[in-house]
Amino acid sequence: MTANDCSRLIICLGLAALLMVAAETEKPVEETPEDREDQTKGPCIQPVGFPESFDIDSQIVAKTFGWDIKQTRRHMHNQKAFANLMVRLNEQHGPVLAGSAMARNPGEEATVWFKGPAPKGVQDQISEFMKEHGMEVKVIENMRFSMEDQEKRMDELASRLKESGFRGV
């Protein structure tokens, strides 16, 4: 397994965890046969007992961080929505997407970084997202590397370490 594979696995596991814990909908999402075949389509992944588990998770998070329960539910819902936005942006603009970070606390802004200027249409997508979800997303441009660049650099480093005799743990 290459460093790139490990990186992708970690990202997929993180997104899957976010989607399973942070999803909030009015009604359960129905799975299609295609979704069962490709479980990477996050919005259709839901744990058994979803509404109850989301409520319990929200209560635990609210108590742990001292947040209001309504703010906590909204924040957890926004985590899922932001993850979905990032999947779309990565599909559309992967070569120039440098990274993202969800807001740590309710009411704080999320951040999206781009290598060079943000592509046309991105600000419109983000503005629509902010309007729909009531959260701020800051766009930072002119980063030195994209995520793809960083993955290539990690792969190169892993190859050099392997060639020099380093064995993974």
Side-chain angles (χ1 to χ4, degrees), residues 1-24 29 34-35 37-46 57 61 64-65 67 71-72 74-169:
M1 182 178 280
T2 67
N4 194 20
D5 293 335
C6 290
S7 176
R8 286 190 178 129
L9 179 61
I10 291 168
I11 290 169
C12 287
L13 290 173
L15 286 174
L18 277 174
L19 293 170
M20 291 177 74
V21 172
E24 178 182 19
V29 177
E34 294 82 19
D35 294 330
E37 290 174 17
D38 181 8
Q39 288 298 307
T40 61
K41 295 182 182 177
C44 293
I45 299 173
Q46 284 192 342
D57 290 345
V61 170
T64 301
F65 293 103
W67 297 345
Q71 289 179 326
T72 303
R74 174 44 99 205
H75 187 67
M76 291 175 68
H77 171 74
N78 284 345
Q79 284 179 320
K80 176 191 180 289
F82 186 70
N84 289 336
L85 172 67
M86 294 316 304
V87 167
R88 285 192 310 274
L89 289 178
N90 188 47
E91 288 170 352
Q92 297 165 355
H93 309 291
V96 295
L97 181 64
S100 65
M102 175 59 187
R104 288 190 175 265
N105 299 301
E108 293 180 354
E109 65 187 9
T111 308
V112 180
W113 292 275
F114 287 96
K115 175 183 176 180
K120 285 186 177 185
V122 165
Q123 195 58 55
D124 292 339
Q125 283 181 281
I126 290 175
S127 294
E128 184 179 317
F129 174 86
M130 291 189 305
K131 185 177 179 180
E132 183 178 340
H133 296 282
M135 67 176 281
E136 294 294 315
V137 178
K138 180 167 66 172
V139 174
I140 298 177
E141 301 175 298
N142 300 314
M143 299 303 295
R144 189 170 171 194
F145 300 106
S146 70
M147 286 193 312
E148 288 182 7
D149 295 337
Q150 294 173 48
E151 285 182 3
K152 287 177 188 171
R153 291 171 57 120
M154 287 189 308
D155 287 344
E156 289 171 11
L157 178 60
S159 293
R160 289 182 187 160
L161 287 170
K162 189 175 180 180
E163 288 170 6
S164 68
F166 180 79
R167 293 192 315 222
V169 178

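Only a predicted model underlies this, so the values are computations on that prediction, with no experimental measurement involved. Worth knowing before you read on, the calculation uses all heavy atoms, side chains too, and leaves out hydrogens, waters and symmetry mates.
In this structure, CD in Glu151 is found 14.0 Å from CZ in Phe145, a value given to the nearest 0.5 Å. For the atom pair Gln150 CD and Glu148 CD, the distance stands at 10.5 Å (nearest 0.5 Å). To the nearest 0.5 angstrom, Arg104 atom CZ is 10.0 Å from His75 atom NE2. To the nearest 0.5 Å, atom CG of residue Asp57 and atom OG1 of residue Thr72 are 11.5 Å apart.
Residue Ala98 comes nearest to Met147 through the heavy atom pair O-CG, 3.3 Å, listed as atom of the first residue, atom of the second, then distance. Nearest heavy atom pair, residue Lys115 against residue Ser146, reads CD-N, 3.7 Å. The heavy-atom pair separating Met102 from Gln79 by the smallest distance is CE-N, 3.7 Å.
Under the 4.5 Å side-chain criterion, counting only non-hydrogen atoms from C-beta, His93 is in contact with Gln125. Asn142 has its side chain within reach of Pro117: a pair of non-hydrogen atoms, C-beta onward, lies under 4.5 Å apart. Residues Gln71 and Asn105 fail the side-chain proximity criterion, which asks for heavy atoms closer than 4.5 Å. A heavy-atom distance below 4.5 Å is found between the side chains of Phe114 and Leu97.
Although no hydrogens or angles enter the test, the distance criterion places a donor-acceptor pair under 3.5 Å between the side chain of Glu141 and the main chain of Ala118. Between the Thr111 side chain and the Ala101 main chain, no donor and acceptor come within less than 3.5 Å of each other. No donor-acceptor pair under 3.5 Å is formed between the side chain of Asn90 and the backbone N or O of Val87.
In summary, of the residues considered (Asn78, Asn84, Leu85), a side-chain contact (heavy atoms from CB on, under 4.5 Å) with Phe129 occurs for Leu85 alone.
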**OP:** Any chance you could lay out the side chain to side chain contact (heavy atoms under 4.5 Å, CB included) test for His133 and His77, step after step, and finish with the verdict?
**Re:** CA-CA 9 Å; His133 296 282; His77 171 74; 3.9 Å; yes
**OP:** For Asp149 and Arg144, run side chain to side chain contact (heavy atoms under 4.5 Å, CB included): C-alpha distance rounded to whole Å, both residues' side-chain angles, the deciding distance at 0.1 Å, then the answer.
**Re:** CA-CA 9 Å; Asp149 295 337; Arg144 189 170 171 194; over 6 Å; no
**OP:** Using the side chain to side chain contact (heavy atoms under 4.5 Å, CB included) rule, take Phe82 and Val137 through it: C-alpha gap first, then chi angles, then the decisive distance, then the call.
**Re:** CA-CA 9 Å; Phe82 186 70; Val137 178; 4.2 Å; yes
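The environment of CD in Gln123 is crowded: more than 12 heavy-atom neighbours from other residues, nucleotides or ligands sit within 6.0 Å.
Between the side chains of Asp124 and Ser127, not a single donor N or O lies within less than 3.5 Å of an accepting N or O.
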